[in-house]
Novice: 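Let me give you the structure first, and then I'll get to my questions.
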Amino acid sequence: MIPLSWYLVLSALLFSIGLFGVLARRNAVAILLGIELMLNAVNINLASFWRYGNPAQMGGQVFAIVVFAVAAAEVAVGLALIISIYRRRKTVLAEEIDLMKW
Amino acid sequence: MTAYNSTMILAILPEILLLVLGVLVLLFDVVWKGEKRRALGWLTAGGTALISIVTLLIGRPGEPQSVFGGMLRFDWLGFAFKQIFLLGAIATALFMMDIEKLSRRGQAYALLLTATLGMSLMASAADLVMLYLAIETTSIPLYVLAGFLLDDDRSAEAGFKYLLFGAMTSAVLLYGFSLLYGFTGTTSLTSFVGSLPLALGLVFLIVVGLGFKISAVPFHFWAPDTYEGSPTPVAGFLSTASKAAGFAVLLRLFLTAFPQFVEQWAAVLAVLATVTMTVGNLLALAQKNIKRLLAYSSIAHAGYILIGVVAASKLGVASVIFYLIAYLLTNLAAFGIAAAFGRAAGSDEIASYAGLSRRSPGLAFAMLVAFLSLAGMPPFGGFIAKVLVFTAAVETGWVWLAVVGVVNSIIGLYYYLTVLKVVYLYRMEGENEEQYPIPLTRPYALALTTLSIAILVIGVLFAPWFDSASLAALNLF
């Protein structure tokens with residue numbers, strides 16, 4: 001059987017790629033994609049901890065399902081906000097959405 | 001399987017009633033037409049006040065107990081925080097009533113109530129799944145509220161920035177939760193067993209997520225932009241109730257999950273508190289816009305409150321709760337004044353406040369009360385709150401942190417007084433100010449009068465409030 005640590009490494013890699021995407025990408029939609037990657041890394045963690053821990057206890061699976069549902073809601077609101085900005089400003093580049101700065 | 005019993009219903013009584021009220025608001029939004037819709041604000045504020053009273057009368061917890069299979073804790077800590085959130089929602093609903101494009105939309109009030117519901121669950125959640133769900137139930141309606149004014153570029157931008165920061169930090173927080181679940185083997189909040197480096201790693205991940213909620217430096221970048229762009233009452237709600245909810249989770253999570261590593265995480269939070277206070281106050285000095293000034297001031301206040309968390313003692317927790325009550329009253333009043341003034345004068349620039357003491361003596365006086373309380377002057381609530389957190393720090397040996405806090409309070413005093421100088425000493429050039437009165441509508445007058453009196457009362461008669469806060473604090477030890 002594949003050891004648990006492999007899954008954790010995979011999840012850590014996915015999380016790091018997602019975080020890099022959030023911090024480095026300029027396109028707002030791509031930033032949202034990065035956040036999705038981070039959330040999926042969490043789901044890999046949850047599923048593997050559940051499988052290798054105590055499969056009789058459903059906590060990890062329930063947690064993963066809740067994460068799915070919430071992520072979907074978050075993306076829906078995020079895309080709606082991006083569309084509302086795009087309609088008025090014709091841009092989805094994060095650096096051009098800069099009416100307010102210190 | 002245990003059947004439902006009355007304790008379970010009592011434990012989520014405010015949440016049930018908030019949901020009912022939210023549905024009622026949406027219902028009347030359809031039924032009422034035109035100008036009548038303004039009454040939706042009265043319905044929201046009055047209904048929330050009623051919920052608060054009902055909860056105070058029949059929803060009081062006894063001995064702390066777990067309900068719903070350990071998902072929630074029914075205790076005084078959660079109860080105290082729920083009252084704080086309800087108070088914040090009442091004042092915010094009143095302030096929203098005269099903002100164009102917000103007041104006649106039932107959705108805005110429904111979103112406000114949903115966010116309050118999420119916060120209530122945050123304060124009593126005792127399970128990682130429940131906690132995450134509650135945090136998101138709070139955040140998502142707030143993203144929408146911040147970006148609610150679709151035809152205002154700055155509001156949409158505020159919502160967008162809030163969402164990106166919020167989603168990213170909550171993903172980091174969630175990664176921390178998933179590891180916490182993995183190493184404890186259960187989703188319920190129990191004491192973490194493991195090595196120190198591992199615990200510190202988890203603490204860092206969790207601090208990122210909650211640091212965003214309480215707008216601690218270096219996770220504060222969203223706050224000034226979001227406060228400036230979002231509708232002013234919403235900004236007030238974000239800076240008070242949302243921050244209080246973050247602190248509720250911070251207290252429960254760290255004191256329940258990592259009690260054996262208290263020295264280490266307290267050190268991490270002490271550094272965070274120092275940086276937050278200093279950066280917040282120094283950046284506030286340079287602000288020209290009242291909402292940005294209040295944003296940086298709210299960042300600095302997050303630092304002061306963190307001092308109480310660092311103390312991690314009974315007095316520390318009690319001082320955090322007391323500080324949050326005083327801060328909620330004060331900052332809501334400050335944002336309410338900014339909303340009332342911005343609505344009448346069409347500007348949020350500090351310079352445009354010149355001559356306010358002649359244009360509207362009442363509003364200027366409310367501002368004096370609120371800003372002196374923010375600065376920590378007796379006899380207002382902010383003074384007692386600061387004394388309590390600094391006492392808690394000194395009592396547990398964090399003397400240097402208390403000194404940093406005091407020095408920062410002095411820096412803070414400077415910019416609060418600068419605003420008051422503009423209000424009281426400067427005149428509108430070449431104009432007779434009395435010809436430009438600031439009209440105060442009834443909801444504003446009611447909310448601002450109540451908040452100003454409350455700030456004074458909590459500063460003079462602080463013992464009953466402090467006793468309640470101490471009672472709540474006992475539940476964590």
Side-chain angles (χ1 to χ4, degrees), chain A residues 4 8 11-12 15 18-19 22-23 28 31-32 34-50 52-54 57-60 62-67 69-71 73-89 92 94 97-102, chain B residues 127-130 132-133 135-137 139-141 143-144 146-147 149-188 221 224-229 283 286-287 289 292 295-296:
Chain A
L4 173 63
L8 297 187
S11 137
F15 185 81
L19 190 60
V22 172
L23 298 176
I31 297 176
L32 274 187
I35 292 169
E36 286 301 296
L37 278 187
M38 292 164 78
L39 290 175
N40 281 327
V42 171
N43 275 343
I44 293 179
N45 256 353
L46 290 172
S48 44
F49 276 133
W50 164 73
Y52 285 80
N54 183 359
Q57 294 245 322
M58 303 302 282
V62 173
F63 204 161
I65 291 170
V66 168
V67 173
V70 170
E74 213 162 48
V75 168
V77 171
L79 287 177
L81 279 168
I82 291 174
I83 288 172
S84 89
I85 289 179
Y86 180 74
R87 278 198 186 137
R88 294 184 57 85
R89 313 256 289 267
V92 288
I97 305 171
D98 60 351
L99 280 179
M100 292 171 291
K101 294 185 206 172
W102 63 69
Chain B
D127 187 282
L128 293 176
V129 182
M130 189 66 233
Y132 176 65
L133 201 53
I135 291 174
E136 292 300 322
T137 312
S139 300
I140 292 175
Y143 301 149
V144 181
L149 308 178
L150 280 183
D151 47 4
D152 178 348
D153 279 347
R154 297 200 303 169
S155 173
E157 184 177 325
F160 172 73
K161 284 182 174 164
Y162 189 34
L163 175 116
L164 283 191
F165 270 97
M168 183 186 85
T169 50
S170 88
V172 176
L173 175 74
L174 191 59
Y175 193 72
F177 280 2
S178 76
L179 292 176
L180 192 60
Y181 161 68
F183 290 111
T184 56
T186 164
T187 53
S188 61
F221 295 103
D225 289 358
T226 304
Y227 290 4
E228 186 188 344
L283 288 179
Q287 298 308 317
N289 179 304
R292 289 188 87 82
Y296 282 109

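Since the structure is predicted, the reported quantities are computational estimates derived from the model, not experimental observations. Protein chains get the first letters and strands the later ones, always in sequence-line order, with residue 1 at the start of each.
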Novice: Can any side-chain N or O of B:Tyr143 pair as donor or acceptor with the backbone N or O of A:Gly78 at less than 3.5 Å?
Specialist: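 Judged by distance alone, no pair lies under 3.5 Å.
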
Novice: Any side-chain heavy atom of B:Leu164 sitting closer than 4.5 Å to one from A:Leu32?
Specialist: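 B:Leu164 vs A:Leu32: side chains touch.
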
Novice: Which heavy atom of B:Ile140 sits nearest a heavy atom of A:Glu74, and at what distance?
Specialist: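 The pair with the smallest heavy-atom distance is CD1-N, 3.9 Å.
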
Novice: Of all residues at least two apart in sequence or in a different chain, which pass the salt bridge (Lys or Arg N to Asp or Glu O under 4.0 Å) check with A:Arg89?
Specialist: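 Applying salt bridge (Lys or Arg N to Asp or Glu O under 4.0 Å) to A:Arg89 gives B:Glu157.
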
Novice: With only heavy atoms counted, which part of B:Asp151 is less than 4.5 Å from chain A, the side chain, the backbone, both or neither?
Specialist: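 Both parts, heavy atoms under 4.5 Å.
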
Novice: Can you tell me how far the CZ atom of B:Phe177 sits from the CG atom of A:Asn45, to the nearest 0.5 Å?
Specialist: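 One finds 14.0 Å between CZ of B:Phe177 and CG of A:Asn45.
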
Novice: Measuring heavy-atom distances to chain A, does B:Thr137 have an atom under 4.5 Å in its side chain, in its backbone, in both, or in neither?
Specialist: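 Contact with chain A is absent: no heavy atom of B:Thr137 under 4.5 Å.
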
Novice: How about B:Leu150 and A:Arg88: do any of their side-chain heavy atoms sit closer than 4.5 Å?
Specialist: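 Result no, sub-4.5 Å side-chain heavy-atom pair not found.
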
Novice: Which bit of A:Leu4 is near chain B, if near means a heavy-atom gap under 4.5 Å: side chain, backbone, both or neither?
Specialist: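 A:Leu4 has no heavy atom closer than 4.5 Å to chain B.
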
Novice: Can you give me the closest heavy-atom contact between B:Ser178 and A:Val42, atom names plus distance?
Specialist: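 Closest approach of B:Ser178 to A:Val42, heavy atoms only: CB-CG1, 3.9 Å.
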
Novice: Checking heavy atoms, do the side chain of A:Val67, its backbone, both or neither come under 4.5 Å from chain B?
Specialist: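 Both the backbone and the side chain of A:Val67 come within 4.5 Å of chain B.
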
Novice: Determine the option with the most heavy-atom pairs under 4.5 angstrom with chain B, choosing from A:Val66, A:Val70, A:Leu46.
Specialist: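 Winner by heavy-atom pair count: A:Val70.
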
Novice: Select one option (side chain, backbone, both, neither) describing which atoms of B:Tyr132 are under 4.5 Å from chain A's heavy atoms.
Specialist: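 The side chain, not the backbone.
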
Novice: Pick one of side chain, backbone, both or neither for A:Ser11, based on which atoms fall under 4.5 Å of a heavy atom in chain B.
Specialist: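 Both parts, backbone and side chain.
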
Novice: In Å, rounded to the nearest 0.5 Å, how long is the span from OH of B:Tyr175 to CG of A:Leu19?
Specialist: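 The OH atom of B:Tyr175 sits 11.0 Å away from the CG atom of A:Leu19.
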
Novice: With chain A as the partner, which of B:Leu179, B:Asn289, B:Asp127, B:Thr186 has the greatest number of non-hydrogen pairs under 4.5 Å?
Specialist: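 Going by pairs under 4.5 Å, I would pick B:Leu179.
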
Novice: Could you look at A:Ala12 and say if it's the side chain, the backbone, both or neither that has a heavy atom under 4.5 Å from chain B?
Specialist: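 Both parts, heavy atoms under 4.5 Å.
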
Novice: Decide yes or no on side chain to side chain contact (heavy atoms under 4.5 Å, CB included) for B:Leu174 and A:Met38, but give the supporting numbers first.
Specialist: CA-CA 9 Å; B:Leu174 191 59; A:Met38 292 164 78; over 6 Å; no

Novice: Using 0.5 Å steps for rounding, measure from the CZ atom of A:Phe49 to the CZ atom of B:Phe183.
Specialist: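 Spacing of CZ (A:Phe49) from CZ (B:Phe183) equals 5.0 Å.
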
Novice: For residues A:Ile35 and B:Ala167, report the shortest heavy-atom separation together with the two atoms involved.
Specialist: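 Between these two residues, the closest heavy atoms are CD1-CB, 3.6 Å.
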
Novice: Supply the atom-to-atom distance B:Met168 CE to A:Leu23 CG, rounded to the nearest 0.5 angstrom.
Specialist: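 The distance works out to 5.5 Å.
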
Novice: Considering residues at least two apart in sequence or located in another chain, which fulfil the side-chain hydrogen bond (donor to acceptor under 3.5 Å, both in side chains) criterion with B:Ser155?
Specialist: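 Applying side-chain hydrogen bond (donor to acceptor under 3.5 Å, both in side chains) to B:Ser155 gives none.
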
Novice: Please flag which part of A:Phe63 lies under 4.5 Å from any non-hydrogen atom of chain B: side chain, backbone, both or neither.
Specialist: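 The answer is both parts of A:Phe63.
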
